[in-house]
Amino acid sequence: GDAYFVPPGHLPDFPEDTEFFEFSQDQTYVKLAEGTSDTSTPAPATEPATFAPGHAKYKDMPNTKEMTDGNGKKASMIMAKFADGTRTVNRITIEEGFEWSSGVRPHLPGCPAHCPATHFGVIQSGKMEIQMAGSEEWTAFGPGDAYHVPPGHLPRFSCGETVMMEFAQDDTYTNAAFVKAKSSSS
């Protein structure tokens, strides 16, 4: 459940079997696979302290935002900003049946009927279904599934509590106005 941001110039060590997801926008390995870059060792990070704020232990962190929908269902998120402050990781927990339209939309003044944000992450537990505007089809994501969902969608949570980690750089849900807005409740 931990999230990390590690700059270039590091050596990983795996003292036990490890399974992890990486959401990197660094092109180093893509270029190496294509044979379009040299394989020289990257220069070490100029600021070793950059690694320290790149570790988020979510079990020790308080919720950054809590919301209640019109039916009393709850959603919460823990937001951690890494390194230069532009990389954000959100751990989101959503109760089964939570409705985006009455639980989240009221916190986004002028928000359209469908979610205006891009979401990029992985489902840890539960299930999230997505319906794009103008479509009748629902696409389901379950434990271990990674997703990239563009703006103009509605989410549905219909299979127990859903927990996800998001690595989007879209600031719709991480800006100060959204985080500070009072929770809605009915």
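Sequential numbering from 1 along the given sequence is applied to the chain's residues.
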Evaluate the criterion ring-ring contact (aromatic ring centres under 6.0 Å, His included) for residue pair Phe120 and Phe167; output intermediate values, then yes/no.
CA-CA 6 Å; Phe120 181 45; Phe167 299 83; 7.2 Å; no
Taking the side chain from Ser102 and the backbone from Gly70, do they hold a donor-acceptor pair closer than 3.5 Å?
yes
Indicate yes or no: at least one non-hydrogen side-chain atom of Glu96 is less than 4.5 angstrom from one of Lys73.
no
Return the set of residues passing side chain to side chain contact (heavy atoms under 4.5 Å, CB included) with Glu161 (not counting sequence neighbours), or none when no residue passes.
Thr93, Val163
Spatial distance of atom CD1 (Ile92) from atom CD (Glu166) [nearest 0.5 Å]
4.0 Å
Of all heavy-atom pairs linking Pro106 and Ser101, the shortest is CD-O, 3.5 Å
Selection residues 128-138 - residue pairs positive for side chain to side chain donor-acceptor pair (under 3.5 Å), sequence neighbours left out:
Glu129-Arg156, Glu129-Ser158
Sequence neighbours left out, what passes side chain to side chain contact (heavy atoms under 4.5 Å, CB included) with Cys111? Give chain and number order.
Trp100, Arg105, Leu108, Pro116
Closest non-hydrogen atom pair, Ala140 against Lys127
CB-CE, 3.8 Å
Is a donor on one side and an acceptor on the other found under 3.5 Å between the side chain of Ser76 and the backbone of Lys65?
no
Counterpart residues, ring pair (Phe, Tyr, Trp, His ring centres under 6.0 Å), relative to Phe157 (two or more places apart)
none
For residues Val89 and Met165, report the shortest heavy-atom separation together with the two atoms involved.
CG1-CE, 3.8 Å
Output all residues satisfying ring pair (Phe, Tyr, Trp, His ring centres under 6.0 Å) with His153, sequence neighbours left out; order by chain, then residue number.
His119
Side-chain contact test, heavy atoms from C-beta onward, threshold under 4.5 Å: evaluate it for Met67 versus His107 and give yes or no.
yes
Please round to the nearest 0.5 Å and tell me the distance separating atom CG of Asn71 and atom CD of Glu95.
11.0 Å
Verify side-chain contact (heavy atoms from CB on, under 4.5 Å) between Gln124 and Arg91, making sure each step is shown before the conclusion.
CA-CA 10 Å; Gln124 287 187 303; Arg91 183 177 191 275; 3.8 Å; yes
Find the distance between CE (Met132) and CG (Leu154) and round it off to the nearest 0.5 Å.
9.5 Å
Asn63 side-chain N/O to Glu66 backbone N/O, donor-acceptor pair under 3.5 Å:
no
At what distance, to the nearest 0.5 angstrom, does CD1 of Ile94 lie from OG1 of Thr162?
6.5 Å
For Met79 and Asn90, the nearest pair of non-hydrogen atoms, with its separation, is CG-OD1, 3.2 Å
Point-to-point distance, once rounded to the nearest 0.5 Å, from CE of Met164 to CD1 of Ile123
4.0 Å
With a cut-off of under 6.0 Å to the ring centre and 45° to the axis, is Lys74 in cation-pi contact with Phe98?
no
